[in-house]
Structures are given as C-alpha cells and as structure tokens.
Amino acid sequence: MKIKMKDGSIREADFKEELGKNAFWHTTAHILAQAIKRLYPDTKCAIGPSIKNGFYYDFDFHFHFSEENFAEVEAEMKKIVNENLQLKHFIVDHKKAIQIMEEKNESYKIELLNELPKEEKISFYQQGEYLEMCAGPHIAYTNAIKAFKLLSIAGAYWRGNEKNKMLTRIYGISFPSKDLLEEYLNQLEEAKKRDHRKLGKELGLFALFEEGPGFPFFLPKGLLLKNLLIDYWRKLHIREGYMEISTPIMLNRQLWETSGHWNYYKDKMYTTLIDETDFAVKPMSCPGSMLVYKMEPHSYREFPMRISELGLIHRNEKSGTLHGLMRVRCCTQDDAHIFMTPEQIQDEIKGVAHLIDEVYSNFGFHYHVELSTRPENSIGSDKDWEMATNSLKNALDDLKLPYIINEGDGAFYGPKVDFHLEDSIGRTWQCGTIQLDFQLPQRFKAEYIGEDGNKHQPIMIHRVVFGSIERFIGILIEHFAGKFPLWLSPVQVKILSISDKYMNYIKEIEMTLKKEGIRCEVDERAEKIGYKIRSAQLEKIPYMLIIGEKEAKTSCVSVRKRDDGDLGSMPIKQLLEILQKEGI
C-alpha cells in the first residue's frame with residue numbers, strides 16, 4: 001500500500017503496520033468529510049483524525065444529523081471509493097491557506113490557521129473536488145478502502161472546551177477487505193454482550209448513580225469480588241517482602257507543591273480550604289509514601305525497601321470521558337514504592353516485571369510492553385532522564401521482553417514501562433506500570449546512609465499491577481463475560497431445591513460447604529426447578545446442586561457445571577474434591 005507523506009515522499013506500508021493503519025483510517029475520514037460536503041454543502045468541517053480503532057470526524061451541521069442519515073452518507077462514500085480519486089499533496093504559504101479556507105467558508109479551519117505562525121507552510125491533501133488542510137499521511141488512491149462502516153455519533157465540544165460549540169462527531173472504521181470488517185463488527189457485537197456496565201448490573205456487582213457521576217457503588221457481591229482481588233494482591237506482596245501502609249486521602253498544598261503535582265496536575269485535583277490553607281484530595285499516593293519514608297533515617301542495609309498501599313485516589317475527570325468502572329473519578333490504586341540504591345535498579349525492575357507477569361498469566365491475559373520516554377513538560381536534568389530511561393531499557397533487554405518506544409509519553413518526573421494486556425476478544429488495556437523516579441526523592445530531600453558512611457539520595461520506583469482495582473474488575477468482567485473462575489466467583493455454588501420437604505438435607509449440605517470455605521447460596525423460592533436452573537445460569541454460577549427426593553435418600557447431590565452441563569449424582573465428598581482440584 002502506497003502512503004503519501006507530508007513531505008511529498010511515497011512510502012510502502014502494510015495495513016498491519018501502524019503507519020499503514022493510520023494512513024488508511026485518516027484517508028477514510030477524508031472520504032467521510034467529502035461525502036458530507038457533497039450531501040450537505042452548508043456543513044462545516046472541524047477535525048478528522050485516525051484513532052486507535054478507526055477514525056472520527058467532527059462536523060457542525062445546520063440540521064439534526066442522526067444515525068438515520070448513515071445509509072445515505074455510506075452510499076456517497078462508496079461512490080467516492082469507486083471513483084478511485086488520487087490524493088494529491090501540495091504545500092502553500094499561510095496567507096494562501098487562509099484564502100482557501102475563507103473561499104470554502106470553513107471557519108474552524110481558519111481558527112486553527114490563525115494560531116499558526118505566519119511564516120509556516122501549510123500542508124494540503126486533495127481528492128477530486130474535496131480539499132483538506134492536513135499533515136497526513138494518506139494512502140494514494142481512494143479505491144484501496146474496500147470495506148467501511150459508520151458506527152456511532154457523539155457530541156463533542158470544539159477543541160474539547162465546554163465553553164465552545166457542541167459539534168457532531170461521527171465514528172467509523174474501515175479495512176482493506178470485507179472479511180476484516182465482518183470480523184471487527186462481530187467483535188463489537190461480542191463486546192456489547194460483555195459490556196461490564198450491563199453485566200455489572202445484571203450480576204449485582206456495582207451501581208452508578210446520578211448523585212455521584214464517576215463514583216461507583218460496590219454492592220455485596222461486587223465488594224466480595226473486590227476483596228478477593230485484594231486478598232490475592234496482599235498474599236503476593238507479603239511473599240515479595242512489601243510492607244503495607246495507608247496514607248490520608250487529603251493533604252495540604254505545600255506537599256503537592258513539593259511533589260510537583262500542584263503545578264503539573266492541579267486541573268485533575270479536587271481542592272478545598274481548611275483553616276485558611278489549601279488542601280487537595282490525593283490523585284496518587286506517592287507523596288504520602290515519601291513522608292512515611294522520611295520519618296526516620298535509613299541505611300543502605302534496609303534496601304530495597306518495598307512499601308505498598310491500596311490508596312483511595314480521586315481525579316477530576318471530565319464528565320464526557322467517564323465510562324463505567326473503566327474511567328472513574330474515584331478508585332483504589334494498588335500502588336507501591338520501592339526505595340533502592342542505583343546498583344539495585346535492574347534487579348528491582350525485573351522483580352516487578354516478574355510479579356506483573358505472574359498476575360496477568362494467572363488471569364489468562366497476554367500482554368505487550370511499551371516504554372514511554374521524557375515528555376515536553378517534565379522536571380529533572382537530562383542526565384537523570386538518560387540514566388532512568390537506559391535503566392528501564394536494560395532491564396527489559398535482560399528479561400528479553402519485546403517493547404515499543406512511546407516517545408514523549410512518560411510521567412513528568414520520569415520514564416515508565418506500561419503493560420498493555422489483551423483480553424479474550426483481542427482488545428488491549430493499559431494496566432501495570434513501572435515508573436523510575438530520580439526527581440521525587442530529590443524534591444523531598446530523601447536520604448540514606450550508604451556503605452561509605454555518607455548521605456545519598458535513594459532511587460524510587462513507582463509501580464502498580466492491577467492499576468486501578470475498579471478498572472481491573474471492569475476488564476475482568478468483560479474478559480470472562482461475567483463467568484469468573486471458581487476462586488473469584490462471588491457465589492461458587494448455588495443449591496437448588498426441588499421441594500422444601502428436603503430443606504433439612506439442603507441446610508446440611510450448605511453448612512458442609514461453608515465449613516470448607518465455599519461460598520454458596522440456597523434458592524428456596526417456590527419455583528419450578530427448570531426456572532431455578534435458568535436463573536443460576538444467568539447469574540453465571542460455576543456449580544449448581546439440585547436436591548430432591550432421590551438425592552436426600554442417597555445422601556448425594558446432582559451436580560451441574562456452568563459450561564459443561566450435567567455431571568451426574570455424587571457424594572458431597574466427591575464434589576469437594578472436584579472443587580478443591582479446580583481451586584477454591
């Protein structure tokens with residue numbers, strides 16, 4: 001596939017490559033805009049980039065545009081594809097670019113141009129009669145777009161500013177073959193069935209209320225699930241030598257100024273006034289951990305010092321970005337901070353990477369790794385950043401972990417390694433993170449006595465495994481489609497009575513299971529057994545025990561497994577062996 005770059009050069013790229021996908025989807029966005037302008041000439045175009053999965057374009061319509069208009073727009077897009085228009089690239093000066101956009105009455109484009117330096121040259125792409133101010137890249141001809149689909153509509157404030165006009169954002173996807181499009185649409189349908197918001201409500205796990213947008217409520221079964229994850233997390237961290245602490249959710253402005261968050265992160269922080277002093281609810285736990293470290297002097301003999309915290313954090317996310325448990329304003333972050341000497345950096349990074357690998361493997365996730373480097377808005381010296389970045393690279397190389405460089409996406413205080421896990425239907429989620437920090441210990445004047453008897457500044461690792469426990473639960477719900485493994489299921493066994501005449505035996509079975517630590521419930525409702533079985537299946541209970549006259553007489557239970565169906569009748573001892581083997 002030929003790709004036209006901003007400098008006019010032509011490059012070959014496959015659709016599977018990042019460059020190929022971006023050019024393909026960006027070109028489809030232009031085809032969408034061309035179709036819109038043909039059908040509705042008075043519409044104004046804003047921006048239309050490629051995104052992680054497809055593309056979108058923001059329009060200012062003079063009428064109410066809805067998904068009912070999709071068929072007409074897609075038909076026009078099909079015509080443009082079949083016309084096999086060549087994408088021609090040219091560059092003009094700033095004045096000429098303004099003139100072109102004024103002739104086309106494209107006020108949003110003019111606004112963008114007016115913010116650029118007058119001496120800057122402006123890149124344009126043209127296909128047929130449609131002209132777009134754009135840096136590219138694009139594919140060479142429109143007929144490479146063999147299959148496409150408009151997916152949804154959303155409102156979007158111009159430039160993400162709530163004070164600006166609300167535009168209409170059209171999302172779409174495209175592929176070089178119909179088979180790939182069909183595969184993607186099937187995945188979307190599967191994702192809808194697995195939507196954690198839908199399943200979370202059906203399974204009674206969590207609730208979201210208008211009284212607290214972005215602040216999830218965990219219901220009894222959901223809290224049990226959350227606590228099971230926390231118990232698992234604690235066992236691992238005790239094994240790995242972490243000391244757990246808990247720090248306040250609100251601390252004063254001086255602390256956040258020292259850490260740098262007041263200057264670099266204030267827009268995401270909730271603030272208040274206490275005793276005429278500014279306070280902020282913590283968006284992360286690291287400054288509190290620094291205060292704990294500084295309580296007493298430390299020696300190199302104590303290192304590496306691993307401090308963990310299940311910190312309740314709050315971040316002021318925009319309402320339009322909130323999404324179930326995936327994007328919230330309040331969450332529990334499984335944070336940890338490791339203080340160490342420079343010589344211990346490699347081993348500690350590798351140790352964290354091994355821990356993350358163990359956890360993800362236990363849930364059946366595959367993952368890939370990205371190394372994010374220094375952002376423009378950062379603190380610290382070039383020397384520190386170079387050393388920190390090379391330390392992460394060397395550790396990943398030692399582990400033989402392939403990684404992608406994500407330029408400029410590090411934290412403001414240091415580079416980081418992000419672990420992007422892949423779920424059962426192929427979607428990726430960023431969860432685990434390892435951040436190497438030379439700056440915070442320096443800003444807090446943290447010290448330790450080295451082997452030479454002198455004071456030194458410790459190196460600090462920030463790391464999470466789950467990321468946010470709330471988000472990880474959302475991912476798990478969708479990954480397992482609500483069918484959690486036995487050890488993680490809030491209810492592991494449901495006992496279904498055929499008649500209340502056998503309730504004494506049922507209660508005996510219930511007590512036996514509970515004594516073995518098995519989470520079970522009894523369905524005592526006066527309903528037919530078929531109805532009870534269907535209810536238990538909808539609740540996605542791993543095991544169902546059906547008990548009637550035959551089972552009571554023979555001191556057995558009839559067992560049904562969630563995915564395998566009828567396992568037959570067996571003594572309770574045999575069932576316990578099955579459950580123990582599967583892992584309770």
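Note that the numbering runs from 1 along the sequence shown for the chain.
A side-chain donor from one of E407 and T373 sits under 3.5 Å from a side-chain acceptor of the other. Counted by atom type alone, E343 and T341 present one or more donor-acceptor pairs between their side chains at under 3.5 Å.
Exactly one of V359, I475, D357, T428 qualifies for a side-chain contact (heavy atoms from CB on, under 4.5 Å) with F365. That residue is I475. Here the rule is salt bridge (Lys or Arg N to Asp or Glu O under 4.0 Å) with E309, and of K282, R463, R234 only K282 fits it. Of the residues listed (F339, F303, Y300), the one engaging Y448 in a ring pair (Phe, Tyr, Trp, His ring centres under 6.0 Å) is F303, and it is the only one. The side-chain contact (heavy atoms from CB on, under 4.5 Å) with W429 is formed by just one residue from the set H479, H420, R471; it is R471.
One finds a salt bridge joining R306 and E348 here, because a Lys/Arg side-chain nitrogen approaches an Asp/Glu carboxylate oxygen to under 4.0 Å. Checked for salt-bridge contact, R427 and E478 meet the test: a charged N lies under 4.0 Å from a carboxylate O. The pair K178-E183 fails the salt-bridge criterion, with no side-chain N (NZ, NE, NH1 or NH2) lying under 4.0 Å from an Asp/Glu carboxylate O. Ion pairing between K514 and E510 holds under the 4.0 Å rule for side-chain N and carboxylate O. A salt bridge links K416 with D418: at least one charged nitrogen is closer than 4.0 Å to a carboxylate oxygen.
The OG atom of S361 sits 11.5 Å away from atom CD1 of I356, with the distance rounded to the nearest 0.5 Å. With values rounded to the nearest 0.5 angstrom, L180 atom CG is found 3.5 Å from S177 atom OG. Between atom CD1 of residue I345 and atom CG of residue L392 there is a gap of 8.5 Å, rounded to the nearest 0.5 Å. Separating the CG atom in N377 from the OH atom in Y264 is a distance of 5.0 Å, to the nearest 0.5 Å. Of the inter-residue distances, the one linking L440 atom CG with I459 atom CD1 reads 12.0 Å to the nearest 0.5 angstrom.
In this structure, H337 and H462 have perpendicular ring planes: the angle between them is above 60°, well past the 30° mark. Y360 and F419 have perpendicular rings, their planes meeting at more than 60° on a 0 to 90° scale where under 30° would count as parallel. Ring planes of F175 and Y184: tilted class, angle from 30 to 60°.
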> For L476 and F466, what are the C-alpha separation, side-chain angles and deciding distance, and is it a side chain to side chain contact (heavy atoms under 4.5 Å, CB included)?
Replying inline: CA-CA 11 Å; L476 288 178; F466 293 143; over 6 Å; no
> Hey, mind stepping through E521 and K494 against salt bridge (Lys or Arg N to Asp or Glu O under 4.0 Å) and telling me if it holds?
Replying inline: CA-CA 5 Å; E521 289 181 349; K494 193 82 168 233; 3.2 Å; yes
> Does the salt bridge (Lys or Arg N to Asp or Glu O under 4.0 Å) test come out yes or no for K561 and D563, once each step is laid out?
Replying inline: CA-CA 6 Å; K561 194 173 179 182; D563 297 316; over 6 Å; no
> Does the pair L399 and H354 meet the rule for a side chain to side chain contact (heavy atoms under 4.5 Å, CB included), with working shown?
Replying inline: CA-CA 9 Å; L399 289 167; H354 282 306; 3.5 Å; yes
> Given the rule in the side-chain hydrogen bond (donor to acceptor under 3.5 Å, both in side chains) test, do S424 and R194 qualify, once you have shown the distances and angles that lead to the verdict?
Replying inline: CA-CA 11 Å; S424 59; R194 293 168 177 258; 3.0 Å; yes
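Contact check for M243 versus M305: side-chain heavy atoms found under the 4.5 Å cut-off. Put simply, the side chain of R562 does not reach to within 4.5 Å of the side chain of Q537, judged on heavy atoms.
For E582, the CD atom is densely surrounded, since the number of other residues' heavy atoms within 6.0 Å is greater than 12.
Geometric assessment of R519 against the ring of F484 yields a negative cation-pi assignment under the 6.0 Å and 45° thresholds.
Here K192 pairs with E189 under the salt bridge (charged side-chain N to carboxylate O under 4.0 Å, His left out) rule; sequence neighbours left out.
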